Amino acid sequence: MLNKISLKVKILILSLGGIAIISIFLTIFSFINFSNQEQSVKDKIFFTAITFSDQISDQFYERYGDVKTFSLHFKNFTSNSRETVTYLNSLTKFYGIYDLILVCDLSGHLLSVNDESPEGKKINSEVLYKENFSKTAWFKETVAKKYLQDEKKGFTSVNFQDANFDETLEKVFHEKRYGTVFSTLIYNSKGEPIGVISNHARFNWVEDLATRMYDNFIQSKIKSLHITLINKEGEIILDYNPFRNNNKKEIIHDEKILNKYNLVKAGQPAAVQANKGEEGVLESLNSRLKLWQIQSYTPVKGDKMVDELSWKVLVRVDRDEAYSSIINLKISFIIAFILVFVCSIFLSIYFSKNLANKLIFVAQSLAKGNEKLNKTSNESTKNSETLYSATTRQASSLQQSVTAVNEISAMMNKTAEMAENSRIKSNENIQKVNEGKDIINKMVNAIQNIKSRNQDIMDQIIEGNKQISEIVKVISEIENKTKVINEIVFQTKLLSFNASVEAARAGEHGRGFSVVAEEVGNLAQMSGTASKEISTMLDNSINKVKNIISQTKANVETIVEQSKKAMAQGEETSVECSNIFEQIYNNSQEVNHIIYEIANSAQEQAKGVEEINHAMHDLDNVTHQNNSIAQKSSQTAKELLTQSYELEQMANNLLLIVLGSSYNNIEKISVNSNYNPPTNPPVKKQKENNENLNEFGKKTDIKQSTHTQINSQIKKVQSESEKKIDKVPEKKKVNPTEEVPSFNDPRFEDL
């Protein structure tokens with residue numbers, strides 16, 4: 001879908017999208033700034049309300065303390081005097097806010113009052129001496145000690161009458177006057193109440209603060225400042241709005257509004273919130289004036305104000321005037337935004353059209369240059385492929401020749417090695433023959449020694465027979481001694497028998513001797529038995545010894561006779577072996593000389609073949625380098641052809657991007673139809689050839705050291721070839737969004 005849209009439209013869409021996004025962000029940030037400015041205005045109005053509240057607290061604290069201070073002067077007061085009146089005049093003139101300062105006794109009779117106004121003019125205060133003030137609210141509440149106080153904050157013993165129209169002032173000044181009354185008891189030195197002092201203050205101690213606030217706002221070019229003060233019940237006790245009075249700063253005491261109009265009951269949002277003890281800023285409709293205002297509200301509170309009084313301050317400004325500068329900025333911003341947006345659209349259309357035309361020219365120029373590059377790359381590719389195939393065949397043939405030479409060299413080395421091994425084995429055989437000859441001589445000497453030793457054995461055997469015969473004689477003598485023992489035994493038996501007979505004759509006296517005779521007889525019996533057994537054993541021993549002597553003599557004679565025969569045969573055999581070993585020794589020396597000559601010839605042949613092998617390897621290296629160069633040339637030619645093809649594709653894609661759907665209606669740039677991008681690059685083919693060489697090399701005898709060196713050289717050549725191939729630039733991918741290369745044509749300088 002996107003390919004059907006022209007580049008001019010795409011650039012236009014992109015530009016408009018960017019302008020829209022920037023416009024959205026700019027609008028958001030601008031309105032955030034406008035909102036911050038509006039909040040700044042609200043903060044200023046709220047700060048004004050807080051400041052006004054603090055100033056009222058300060059003034060109230062001073063007025064509250066004034067009446068208590070004044071009362072101390074009259075603690076010894078008994079009657080009216082000019083001095084007292086003068087003192088009261090000085091107080092009213094000094095403070096400038098007290099129209100009347102009344103001093104009464106506890107019954108309500110006036111004792112003293114000032115007769116000059118705060119401006120120093122004479123007033124008709126004499127009429128008040130005829131009045132009794134016992135029924136007035138301020139007098140009754142003061143005497144009853146009904147005070148507006150907060151002992152924790154230091155407010156004690158003062159009665160306060162909220163702002164209202166004062167009848168006492170009206171009698172003196174003959175006009176409606178609006179103010180407040182501060183009253184307290186007068187105590188004597190004993191601490192007993194003796195009277196009441198009452199300060200009737202005009203409300204300008206609050207109203208002057210409002211006028212100063214208005215002056216500050218005039219400097220900020222805000223004229224619609226509206227300051228309102230409401231009492232505990234929500235009734236208006238101050239309503240200052242010069243903007244509705246033709247910008248006159250004078251305070252207007254409207255009897256229809258003051259102490260009459262209740263903002264809380266009217267549902268005025270700021271008054272309702274302030275009556276709840278809250279503070280803040282809001283925008284609401286003024287029900288009396290029928291216009292939208294920014295309204296800040298706060299209760300009058302603090303350490304210098306009695307919370308029970310519960311006054312609330314409302315500071316209001318017309319919203320249109322407060323936001324006038326911000327509204328003007330918004331209008332200016334909207335106008336500037338529309339102008340910039342329209343100009344941006346026209347510039348986007350102009351630049352997109354101009355850029356699209358230049359890109360079309362670039363694409364057509366690329367196509368023309370690519371036709372020449374295509375022809376050159378086709379010819380270079382064909383020549384490189386022909387050279388590469390020829391060098392590949394040459395390298396294959398040379399590789400087979402090198403392999404055959406390697407096999408011959410390996411066989412010659414093996415033959416030389418075997419000849420050398422044969423010579424070594426022949427020398428070892430000669431040494432072994434000499435050793436065998438020496439052993440045979442030693443064996444002949446040993447046989448002769450055995451013969452002499454056999455004669456010595458015969459002599460020792462004959463001597464042993466003689467000694468055994470002596471033993472037989474000793475045994476015979478023992479046998480004769482045994483016969484003597486038998487005779488002794490016989491005589492002992494007879495003696496024992498005779499003793500028994502004599503003991504029997506002796507009777508009782510010979511009984512003990514009879515027992516001895518019996519035991520002697522038993523002993524003789526046992527000795528006779530043992531003698532017989534010894535005699536039997538001696539006879540058996542003599543017989544056995546005689547048999548052993550006869551058998552040993554016969555066996556020894558037989559063995560000696562056989563040994564003589566065997567030694568005679570061994571002596572003859574050893575002589576024959578000695579003669580044969582002599583002949584083997586002579587033949588081995590002749591064979592060793594022949595093998596030595598063969599080994600020398602094989603080594604010379606191996607050296608000659610090795611020199612041939614080195615020459616073949618040098619030739620093989622040169623062939624591989626030529627093959628690598630040819631392969632690299634072929635690869636470069638194909639890459640050139642590939643890049644030519646990609647350049648054609650890039651030109652077509654560029655025209656498609658620039659023209660969009662209208663591209664199908666014009667003639668496309670012709671792409672080389674005979675070109676097919678290589679599916680099996682030369683790098684892969686080269687690696688396959690290297691693998692075939694490795695497999696062919698593995699078939700040879702890798703046990704030989706020379707062939708191992710050849711394989712290592714082949715691997716080194718392969719690695720160098722692969723490194724050269726890897727340096728060939730990779731195929732560049734087509735990316736229609738890439739920047740078009742610059743040209744020297746001056747028409748491209750704008751790009």
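When a residue number appears, it is its place in the shown sequence, counting from 1. The model shown is predicted, which means the values in this text are computed figures rather than measured ones.
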Considering only NZ, NE, NH1 and NH2 on the basic side and carboxylate oxygens on the acidic side, decide whether [X] and [Y] come within less than 4.0 Å.
X: Lys304; Y: Asp58; value: yes
X: Asp66; Y: Arg63; value: yes
X: Asp307; Y: Lys153; value: yes
X: Lys42; Y: Glu283; value: yes

Task: Residue list, side-chain hydrogen bond (donor to acceptor under 3.5 Å, both in side chains) with Glu62, at least two apart or on another chain - done: none
Exercise: do [X] and [Y] side chains pair donor with acceptor under 3.5 Å:
X: Glu119; Y: Ser117; result: yes
X: His226; Y: Ser224; result: no
X: Glu126; Y: Asn124; result: no
X: Lys312; Y: Asn275; result: yes

Task: Tyr240 ring center near Phe52 ring center (under 6.0 Å) - done: no
TODO: Indicate, with yes or no, if the rings of Trp205 and Tyr95 have centres closer together than 6.0 Å.
DONE: no
TODO: May I ask you to establish whether Lys276 and Tyr297 are in a cation-pi arrangement, using a distance under 6.0 Å from NZ or CZ to the six-membered ring centre and at most 45° from the ring axis?
DONE: no
For the backbone of [Y] and the side chain of [X], can you confirm whether one donor and one acceptor N or O come within less than 3.5 Å of each other?
X: Gln149; Y: Ser157; answer: yes
X: Asn204; Y: Asp208; answer: no
X: Asp166; Y: Gly179; answer: no
X: Gln268; Y: Ala270; answer: yes
X: Thr86; Y: Arg82; answer: yes
X: Arg202; Y: Gly96; answer: yes
X: Glu321; Y: Lys223; answer: yes
X: Thr298; Y: Glu279; answer: no
X: Ser296; Y: Ile45; answer: yes

Can you tell me how far the [atom1] atom of [X] sits from the [atom2] atom of [Y], to the nearest 0.5 Å?
X: Glu192; Y: Ile186; atom1: CD; atom2: CD1; answer: 14.5 Å
X: Asp115; Y: Leu128; atom1: CG; atom2: CG; answer: 11.0 Å
X: Phe333; Y: Ser30; atom1: CZ; atom2: OG; answer: 3.5 Å
X: Gln37; Y: Asn33; atom1: CD; atom2: CG; answer: 4.5 Å
X: Leu110; Y: Leu102; atom1: CG; atom2: CG; answer: 6.0 Å
X: Asn241; Y: Asp318; atom1: CG; atom2: CG; answer: 7.5 Å

Open item on the list: Which residue is it: Tyr64, Phe60, Phe155? I am looking for the one with a side-chain contact (heavy atoms from CB on, under 4.5 Å) to Phe160.
Closed with: Phe60
Open item on the list: Going by ring-ring contact (aromatic ring centres under 6.0 Å, His included), name the residues that satisfy it together with Phe47, two or more places apart in sequence or in a different chain.
Closed with: none
Open item on the list: With a 6.0 Å cut-off (strictly less than), is the heavy-atom count around CG of Asp303, excluding the residue itself, greater than 12?
Closed with: no
Open item on the list: Within a 6.0 Å radius of atom NZ on Lys68, are there more than 12 heavy atoms belonging to other residues, nucleotides or ligands?
Closed with: yes
I'd like to check [X] versus [Y] (side-chain heavy atoms, cut-off strictly below 4.5 Å). Are they in contact?
X: Phe337; Y: Ser23; answer: yes
X: Val340; Y: Ser344; answer: yes
X: Ser71; Y: Leu185; answer: no

- [ ] Return the minimal non-hydrogen interatomic distance between Ser125 and Asn114, and the atom names on each side.
- [x] OG-O, 3.1 Å
